[in-house]
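Please read all numbers here as calculations on a predicted model, not as lab measurements.
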Amino acid sequence: MEKKSPRFKSLLSPGEVAKRSGVAVSALHFYESKGLIKSVRNSGNQRRYTRDVLRNVAIIKIAQRIGIPLATIGEEFGVLPDGHKINKNDWKKMSSQWREELERRIHTLTALRDELDGCIGCGCLSGADCPLRNPGDKLGEQGTGARLLED
């Protein structure tokens, strides 16, 4: 009697996850080492992933693309119970928190862009004290680096 294969495999190899998600197998191993995704081992001690890992990897990729650190992603994933499949409500919560961070970054980058031609936030590239933005190099007393663009 011939066995019929199920329509969907319940477990995916790292190669299959990599191909479907667009990340390298080494990235999957790295995400796993950081606790962002989990695998199980088959009888041959090879990694296998449940299908829901594809959603987790997609979320990781989106978050990374907007500059969210892996540690922050891990914190969000860490509050979910073990074995929990991320759903629409989970995503809504995560994305709203990340939206705030993205807005802060946009504000900072916009300010930097608008000041870039004239000044870099008083680093100071003028070669002398800037009489307009930083008379007497008062900002230098606060330490090194650009200060005017920081909130």
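For the atom pair CZ of Arg104 and CG of Leu102, the computed distance is 10.0 Å after rounding to the nearest 0.5 Å. In this structure, OG on Ser21 lies 10.0 Å from CG on Leu12, to the nearest 0.5 angstrom. Distance check: Lys93 NZ to Glu76 CD gives 5.5 Å after rounding to the nearest 0.5 Å. A distance of 3.5 Å separates OG1 of Thr50 from CG of Asp52, quoted to the nearest 0.5 Å.
Within the 3.5 Å criterion, the main-chain N or O of Ile68 finds no donor-acceptor partner in the side chain of Thr72. Using a distance-only test at 3.5 Å, with no hydrogens or angles considered, a donor-acceptor pair links the side chain of Arg105 to the main chain of Gly67. When atom types are taken as modelled, the side chain of Arg55 and the backbone of Ile86 share a donor-acceptor pair closer than 3.5 angstrom.
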Taking it one step at a time, do Leu109 and Ile106 satisfy side-chain contact (heavy atoms from CB on, under 4.5 Å)?
CA-CA 5 Å; Leu109 288 171; Ile106 289 170; 5.9 Å; no
Begin with the C-alpha distance, continue with both residues' side-chain angles, and end with the deciding distance and a verdict on side chain to side chain donor-acceptor pair (under 3.5 Å) for Gln97 and Arg99.
CA-CA 5 Å; Gln97 290 173 349; Arg99 178 183 299 274; over 6 Å; no
side-chain contact (heavy atoms from CB on, under 4.5 Å) for Trp91 and Ile59? Distances and angles first, verdict last.
CA-CA 8 Å; Trp91 172 245; Ile59 290 170; 3.8 Å; yes
The test is side-chain contact (heavy atoms from CB on, under 4.5 Å); show your working for Phe77 and Ile60 and say whether it passes.
CA-CA 10 Å; Phe77 285 3; Ile60 293 166; 3.8 Å; yes
Can you list the steps and then say if Lys85 with Leu80 is a side-chain contact (heavy atoms from CB on, under 4.5 Å)?
CA-CA 9 Å; Lys85 295 179 182 177; Leu80 301 171; over 6 Å; no
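Salt bridge status for Arg20 with Glu16: absent, with no side-chain N to carboxylate O gap under 4.0 Å. Taking 4.0 Å as the cut-off between side-chain N and carboxylate O, Asp82 and Lys38 count as a salt-bridged pair.
Proximity of Leu70 to Gln64: side-chain heavy atoms (C-beta onward) are separated by under 4.5 Å at one or more points. Between Lys61 and Val57 the shortest side-chain heavy-atom distance falls below 4.5 Å. For the pair Arg41/Gln46, no side-chain contact is recorded, criterion being any heavy-atom separation below 4.5 Å from C-beta on. Within the 4.5 Å cutoff, the side chain of Ile73 has heavy atoms near those of the Trp98 side chain. With contacts defined as side-chain heavy-atom distances shorter than 4.5 Å, the pair Arg48/Ser13 qualifies.
Considering every non-hydrogen atom in both Gly44 and Asn42, the closest pair reads N-OD1, 2.9 Å. Ala18 and Leu28 get closest at one heavy-atom pair: N-CD1, 3.8 Å.
Note on Val25: it does not cluster hydrophobically with Leu36, by side-chain heavy-atom contacts below 4.5 Å among ILVMFWY residues. There is no path of hydrophobic side-chain contacts, each under 4.5 Å, that joins Leu11 to Tyr49.
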